[in-house]
Amino acid sequence: MLEFPTPETVSFYPSFQELAIDRTIVERDLGYRKTPAPEIVRQLIDEILPEVSLRLTIQCGFCILPPDFVSLSNDGLLCGEIQISTGPIIASQLKKLKTVAVFVSTAGPLLEQWSQQLMADGDMMKGYLVDSIGSEIADRASEWLEKRVAEHVAPRRWAMTNRYSPGYCDWPVTDQQKLFSFLPPRFCGISLTPSSLMIPIKSLSGIIGLGPDVARGAFQCSICDLKDCFRRMDESEFATEQR
Amino acid sequence: MNEILESLQRCVERGKVNIKSPYPPDMKGQEGADELAKKALEMGVAPQDVLSKALIVGMQNVGVRFRNKEIFVPDVLMAAKAMAAAMVHLKPFFKSDELKHKGTIVIGTVLGDLHDIGKKLVSMVIEGSGWEVVDLGTDVSPDKFLKAVDEHPGCVVGLSALLTTTMVNMETTVQHIKSKHPAIKVIIGGAPVTEEFATKIGADHYSPDPQGAVEFLNTRCTPN
Ligand code: B12
């Protein structure tokens, strides 16, 4: 059996190019799926995207908890003394795990400062587009990180589950306090307020189940209960996304 | 006269700001909300008619189409921009009291929460319906809300939150305001908020979208 250095904490600075965000993706995020976005919006996105890359400090990273430390419990996971209450929907996807990778990703503070400045100066449209691109970056950085986690555990012949985040599917947002307790302070430049808001805003946190016998379950949107979400994708849209 | 009001309404709905603006392409070179509002007033159309028969109707249609997911945030922003261009010409009439807002709403994102955009959008649509909006920003404490209510007697209050953890601060805010001003109406909204939660914390209304707030304001919060 492989010995684990504990805890294993790895972080990255992916480039904007690696996240492969193009205009079509931004348009879709804005809600334009069946109809194209107005020309003026498309032009603005084209203008903004190159500028965005100058105002980014994309960071992401994960920490693999020692397997001895992690077990399944009724309502989720027990990590040492700490009960993580993911709720039954997510717990059902974590069956057979050996351990978890706790992860975070962020687009960094500069982008949201830029967006706020634009809006304060009266350019709501550009400010909103920058904000929306920031959300996509945080999301894609997590997706990019999943691949790094996969590479990291491949030598152990481990598989992974999807990623799951507190605040989704009955997993309380406050559990982020527990996840952050496993990470070094200000990991990837992210801090968590007492109201469990991550700063920078364009940040994500969560876990990925790991082990030889876990499997990628149904894709995220299909198990989420936010039926009216404007970002909801069906399975075929999701498959196209994964390209 | 009706014609110019109809054209003005169309400019708001389509987001046509002025003659120079290239958007929307099929209205290129035509006069926009800016020119038409000015023209209507010069023609002697009553400022009240410019506001309520053209601008407000235009913005209301935008709010409804947004709620129905026929249009999206950028379209609303363009409409709001066109509306603002027309409003410049109506400003003097508000100053001279010839035109009056339907009322005032004090709006803000509650303590512990920094999300701004959803609240800004709601503000724009409400403003476009003829209400005065006082935006207190984000991370607003119950005390700050109360102070604003003191300064704007008879106002309505709007609260926004994007996380379940900050949503709980809506309850303390509602209590704080209502303990001193029991008659003040409070509307709440934001992604995790529900009707049930609004009832539980003693808020007067919940709306998932800006138009619902406008409808509540117009039907339940105007004098008479
Ligand atoms: C994009 C997005 C993100 C982006 C950025 C979010 C941002 N605010 O910048 C990213 C990917 C970074 C992200 C991260 C997270 N997110 Co998120 N995210 C979303 C998503 C998909 C859209 C939010 C958005 O931008 N909406 C667009 C704006 C314009 O809409 P809005 O603010 O809701 O405002 C509208 C209405 O709500 C209403 N309204 C708003 N205020 C008011 C006020 C009044 C008076 C009225 C009448 C109406 C009203 O009108 C507005 C216009 O229509 C929502 C789900 C959804 N569909 O809403 C989840 C959502 C907000 N996220 C959620 C969560 C949990 C998170 C994370 C905690 C996940 C995690 N563990 O990492 C983090 C938190 C980040 C942080 N900094 O702490 C939850 C929050 C609920 C909860 N459980 O607390 C949501 C609701 C999804 C869910 N599970 O249901 N997220």
Side-chain angles (χ1 to χ4, degrees), chain A residues 26-45 109 112 115-116 118-120 122-132 134-135 166-168 170-177 192-203 225-226 228-232, chain B residues 14-17 21-28 65-85 109-121 123-125 127 135 137-139 161-170 172 191-192 194 208-209:
Chain A
V26 181
E27 279 182 83
R28 188 214 55 204
D29 284 348
L30 296 171
Y32 302 101
R33 294 181 184 192
K34 296 189 186 113
T35 50
E39 186 53 35
I40 192 171
V41 174
R42 307 171 105 210
Q43 275 172 12
L44 256 177
I45 299 171
E112 52 201 60
S115 161
Q116 280 158 14
L118 285 166
M119 289 193 271
D123 196 342
M124 268 301 286
M125 178 71 88
K126 204 165 164 185
Y128 175 70
L129 296 179
V130 171
D131 180 272
S132 187
S135 300
Y168 281 80
D170 294 333
W171 186 6
V173 200
T174 44
D175 262 17
Q176 286 188 103
Q177 304 288 352
L192 190 66
T193 68
S195 55
S196 296
L197 181 70
M198 282 180 281
I199 314 263
I201 298 279
K202 301 301 178 188
S203 303
D225 37 19
L226 207 68
D228 273 339
C229 180
F230 69 98
R231 298 186 94 192
R232 196 179 183 85
Chain B
R14 302 285 318 276
K16 174 73 178 168
V17 180
S21 54
Y23 179 82
D26 60 311
M27 291 173 87
K28 211 170 175 171
R65 295 186 64 205
F66 179 65
R67 170 163 69 195
N68 296 342
K69 299 192 173 66
E70 291 164 39
I71 58 172
F72 304 100
V73 175
D75 307 284
V76 177
L77 295 178
M78 282 180 299
K81 200 168 171 187
M83 172 109 191
T109 302
V110 293
L111 190 67
D113 200 324
L114 298 174
H115 294 96
D116 201 19
I117 291 193
K119 178 214 61 190
K120 274 209 169 90
L121 261 172
S123 301
M124 286 175 157
V125 176
E127 203 160 23
D135 187 343
T138 61
D139 197 15
L162 206 84
L163 288 181
T164 38
T165 42
T166 54
M167 184 173 100
V168 293
N169 294 336
M170 288 179 154
T172 30
T194 60
D209 52 66

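By convention in this document, chain letters (A, B, ...) are assigned in the order of the sequence lines, proteins followed by strands, and residues within each chain are numbered from 1.
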Nearest non-hydrogen partners of B:Gly112 and A:Ser195, listed with the distance: O-OG, 3.0 Å
Do you know which of B:Ile71, B:Thr166, B:Leu77 has the most heavy-atom pairs under 4.5 Å to chain A? B:Leu77
Closest heavy-atom pair, B:Pro74 versus A:Met125, reported as atoms and distance to 0.1 Å, is O-CE, 3.4 Å
Can you name the side-chain contact (heavy atoms from CB on, under 4.5 Å) partners of B:Thr165, sequence neighbours left out? A:Val173, A:Thr174, A:Ser196, B:Leu163
Spatial distance of atom CD (A:Glu27) from atom CZ (B:Phe72) [nearest 0.5 Å]: 11.5 Å
Side chain from CB out, backbone as N, CA, C, O: work out which of these in A:Ile199 comes under 4.5 Å of a heavy atom of chain B, or both, or neither. side chain
With rounding to the nearest 0.5 angstrom, report the CD to CG distance, A:Glu112 to B:Leu114. 8.5 Å
Give, as side chain, backbone, both or neither, the part of A:Leu197 having an atom under 4.5 angstrom from any heavy atom of chain B. both
NZ/A:Lys202: more than 12 non-hydrogen atoms of other groups inside 6.0 Å: yes
B:Tyr23 to A:Ile40 - nearest heavy-atom pair and separation: CD1-CG2, 3.5 Å
With heavy-atom distances below 4.5 Å as the criterion, would you say the side chains of A:Met124 and B:Met124 are in contact? yes
Going by the rule side chain to side chain donor-acceptor pair (under 3.5 Å), which residues pair with B:Lys120 if we only count those two or more places apart in sequence or in a different chain? B:Asp116
